[in-house]
J.: 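Please see the structure below; I have some questions.
All of these numbers come straight from a predicted model, not from anything done at the bench.
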Amino acid sequence: MPELPEVETICRGLAPSIVQQKIITITIYNNKLRYPIPKNISKSLAKQTIQKIYRRGKYILLTTKKGTLIIHLGMSGTLQIKPKNHPSGKHEHFILTFANDLSLRYKDPRRFGAILWTNKDPLKHPLLKKLGIEPLDNNFTANYLYDRAKSKHCAVKQFIMNNEVVTGIGNIYANEVLFAAKINPLTAANTITLHRYQILAKEIKKILRSAIKHRGTTIQDHTDSHGKQGSFQNKLKIYGKFDENCCRCQTKLTHIKLGQRTTFFCLFCQNN
DNA sequence: CTTTTGACCTGACAGC
DNA sequence: TGCTGTCAGGTCAAAA
């Protein structure tokens with residue numbers, strides 16, 4: 001479900017409700033996520049106060065004095081703030097309650113997400129340590145992409161979706177940025193010129209920033225921490241456009257499978 | 001080393 | 001009202 005803009009939206013929405021709040025209860029309804037929720041997590045979190053919340057790639061990090069709660073939403077995960085006595089719903093697997101009588105609820109029907117704990121530097125956690133650069137970081141540039149692409153013969157779409165190259169770009173935004181940059185998603189990453197990577201890097205930043213501003217893309221179930229939907233789905237130019245014409249040239253759009261993910265493009269505009 | 005494939009899950013929807 | 005097949009904002013390990 002969530003890519004960088006959705007995860008960022010969720011983090012921003014959660015902060016006012018949970019930062020500086022003391023955890024009162026920890027409830028695990030189902031620990032069978034992508035990885036089991038660690039058994040000792042209740043002990044680790046007990047009576048801790050959330051110091052800050054931030055994002056690395058698609059991971060959400062909640063820090064406390066004793067360590068860090070690492071959350072990944074997988075395909076279908078959401079984090080919601082509800083009154084602590086609100087009845088628990090289906091697929092709410094993990095709930096924290098706080099001194100302010102609010103609760104943080106992790107809901108994930110498909111259970112592809114993860115809830116983990118570390119008492120070390122979370123950025124050095126095995127799942128996070130290999131993550132590539134943040135696309136909104138100033139050091140994310142055309143030159144960075146160009147250099148990293150040198151050994152990559154794979155399709156450019158798979159290259160920019162590779163979290164070890166750059167984090168946070170998933171299927172929706174990969175399709176959107178390549179359409180904006182007029183690059184065919186099948187182009188081998190190592191054959192793209194520095195000039196085209198300049199355009200691509202610029203579009204990645206522009207589109208991700210815009211999507212954050214619009215509070216993410218709601219196709220099925222993305223909402224912020226208070227249940228509010230995003231609106232970037234209204235700005236999508238290519239993702240999900242089956243049997244539609246290109247908004248730039250009116251050519252009928254094409255969709256294929258690339259690495260098991262549906263890939264949309266315009267044969268005329270993205271014809272390099 | 002890079003690239004491809006299968007696996008992990010539930011729910012929604014189309015077609016019979 | 002079923003049943004079956006397909007698809008979905010992700011990503012890891014194993015195989016090639």
J.: Which listed nucleotide (dA8(C), dG10(C), dT4(B)) is nearest to the side chain of Asn171(A)?
T.: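 Looking only at side-chain atoms, Asn171(A) lies closest to dG10(C).
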
J.: To the nearest Å, how far apart are Arg110(A) CZ and dC7(C) C1'?
T.: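 To the nearest whole Å, that distance equals 9 Å.
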
J.: Return whichever of His153(A) or Lys90(A) has its heavy-atom-nearest nucleotide of DNA chain B closer to the 5' end.
T.: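 The residue closer to the strand's 5' end, by nearest nucleotide, is His153(A).
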
J.: Would you classify Phe242(A) as touching base, sugar-phosphate or nothing, given that sugar-phosphate means primed atoms plus P, OP1 and OP2, and contacts are heavy atoms under 4.0 Å?
T.: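 Answer is nothing: Phe242(A) stays at 4.0 Å or more from every strand.
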
J.: Is there, by distance only and without an angle test, a donor paired with an acceptor across the side chain of Gln260(A) and the base of dG6(B) below 3.5 Å?
T.: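 When only heavy-atom distances are counted, Gln260(A) does reach the base of dG6(B) through a donor-acceptor pair under 3.5 Å.
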
J.: Counting neighbours of CZ on Phe98(A) that are heavy atoms of other residues, nucleotides or ligands and sit closer than 6.0 Å, is the number greater than 12?
T.: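 Atom CZ in Phe98(A) is crowded, with more than 12 foreign heavy atoms closer than 6.0 Å.
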
J.: Which residue is it: Arg55(A), Lys205(A), Lys58(A)? I am looking for the one with a salt bridge (Lys or Arg N to Asp or Glu O under 4.0 Å) to Glu134(A).
T.: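 The passing option is Arg55(A).
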
J.: Are any of Lys58(A)'s side-chain N or O atoms less than 4.0 Å away from OP1 or OP2 of dT11(C)?
T.: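 Lys58(A) to dT11(C) OP1/OP2: side-chain N or O found under 4.0 Å.
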
J.: Measuring to OP1 and OP2 of dA8(C), would you say a side-chain N or O of Thr262(A) lies under 4.0 angstrom away?
T.: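 Looking at the OP1 and OP2 atoms of dA8(C), one of them is under 4.0 Å from a side-chain N or O of Thr262(A).
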
J.: Can you tell me how far P of dC8(B) sits from CG of Leu127(A), to the nearest Å?
T.: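 Those two atoms, CG and P, are 19 Å apart.
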
J.: Got a salt bridge between Arg105(A) and Glu92(A), using NZ or NE/NH1/NH2 to carboxylate O under 4.0 Å?
T.: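 The answer is yes: the pair qualifies as a salt bridge.
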
J.: Please give, in whole Å, the distance from dC1(B) P to Lys150(A) NZ?
T.: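 To the nearest whole Å, that distance equals 18 Å.
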
J.: Stacking between dC9(B) and Phe112(A), yes or no? Criterion: centroid separation under 5.5 angstrom, plane angle under 30 degrees.
T.: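 The base of dC9(B) is not stacked with Phe112(A) (the test needs centres under 5.5 Å and planes under 30°).
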
J.: Rounded to the nearest angstrom, tell me the gap between atom NE2 in His222(A) and atom C1' in dG11(B).
T.: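 In whole Å, dG11(B) C1' and His222(A) NE2 are 19 Å from each other.
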
J.: Counting the atoms with a prime plus P, OP1 and OP2 as sugar-phosphate, which does Tyr59(A) contact under 4.0 Å by heavy atoms, base, sugar-phosphate, or nothing?
T.: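 Sugar-phosphate: the residue Tyr59(A), judged by heavy atoms under 4.0 Å, touches backbone atoms but no base.
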
J.: Tell me whether the side-chain N/O atoms of Ser76(A) come closer than 4.0 Å to OP1 or OP2 in dT10(B).
T.: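 Indeed not, no polar side-chain atom of Ser76(A) lies that close.
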
J.: Atom CD of Glu92(A) and atom C1' of dT10(B): how far apart are they, to the nearest Å?
T.: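 It is 16 Å, rounded to the nearest whole Å.
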
J.: Group every Ile, Leu, Val, Met, Phe, Trp and Tyr by side-chain heavy-atom contacts under 4.5 Å, then state whether Ile50(A) and Leu45(A) land in the same group.
T.: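 The answer is yes; both residues are in one hydrophobic cluster.
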
J.: Please find the pair of heavy atoms, one from Pro83(A) and one from Ser103(A), that lie closest to each other, and give the distance.
T.: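 What the structure gives for the nearest pair is O-OG, 3.5 Å.
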
J.: Strictly by Watson-Crick or wobble contacts shorter than 3.5 Å, is anything paired with dC9(B), and which nucleotide is it?
T.: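 Its partner is none (no Watson-Crick or G-U wobble pair with both distances under 3.5 Å).
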
J.: Taking the minimum atom-to-atom distance to the side chain of Lys152(A), which one of dT11(C), dT3(B), dC9(B) wins?
T.: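 The listed nucleotide nearest to Lys152(A)'s side chain is dT3(B).
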
J.: Return no unless some side-chain N or O of His72(A) is found under 4.0 Å from OP1 or OP2 of dT11(C).
T.: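 Yes, because at least one side-chain N or O of His72(A) sits under 4.0 Å from OP1 or OP2 of dT11(C).
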
J.: Surrounding CZ of Phe140(A) (heavy atoms of other residues, nucleotides or ligands, distance under 6.0 Å), is the total greater than 12?
T.: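 More than 12 heavy atoms, drawn from other residues, nucleotides or ligands, come within 6.0 Å of this atom.
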
J.: Is any side-chain N or O of Arg261(A) closer than 4.0 Å to OP1 or OP2 of dG10(C)?
T.: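 Affirmative; the distance criterion is met.
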
J.: Counting the atoms with a prime plus P, OP1 and OP2 as sugar-phosphate, which does Lys32(A) contact under 4.0 Å by heavy atoms, base, sugar-phosphate, or nothing?
T.: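 Here Lys32(A) touches no strand at all.
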
J.: Within the structure shown, what part of the strands sits under 4.0 Å from Asn163(A) by heavy-atom distance: base, sugar-phosphate, or nothing?
T.: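 Contact class for Asn163(A): sugar-phosphate only.
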
J.: Indicate whether OP1 or OP2 belonging to dT10(B) is found under 4.0 Å from a side-chain N or O atom of Arg111(A).
T.: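 Yes, within the criterion.
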
J.: I need the CG-C1' distance between Leu73(A) and dA8(C), as an integer number of Å.
T.: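 So the CG-C1' distance, Leu73(A) to dA8(C), works out to 15 Å.
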
J.: Examine dG11(B): is either OP1 or OP2 under 4.0 Å from a nitrogen or oxygen in the side chain of His91(A)? Give yes or no.
T.: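 Answer yes for this pair, as a side-chain N or O of His91(A) is under 4.0 Å from OP1 or OP2.
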
J.: Check the distance between dG10(C)'s P and Asp221(A)'s CG and give it to me in whole angstrom.
T.: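 Taking atom P of dG10(C) as the reference, CG of Asp221(A) is at 12 Å.
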
J.: Can you find a side chain N or O atom of Lys130(A) that sits less than 4.0 Å from OP1 or OP2 on dC12(C)?
T.: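 Result: no.
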
J.: To the nearest angstrom, how far is Gln220(A) atom CD from dG10(C) atom C1'?
T.: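 Atom-to-atom, Gln220(A) to dG10(C), this comes out as 14 Å.
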
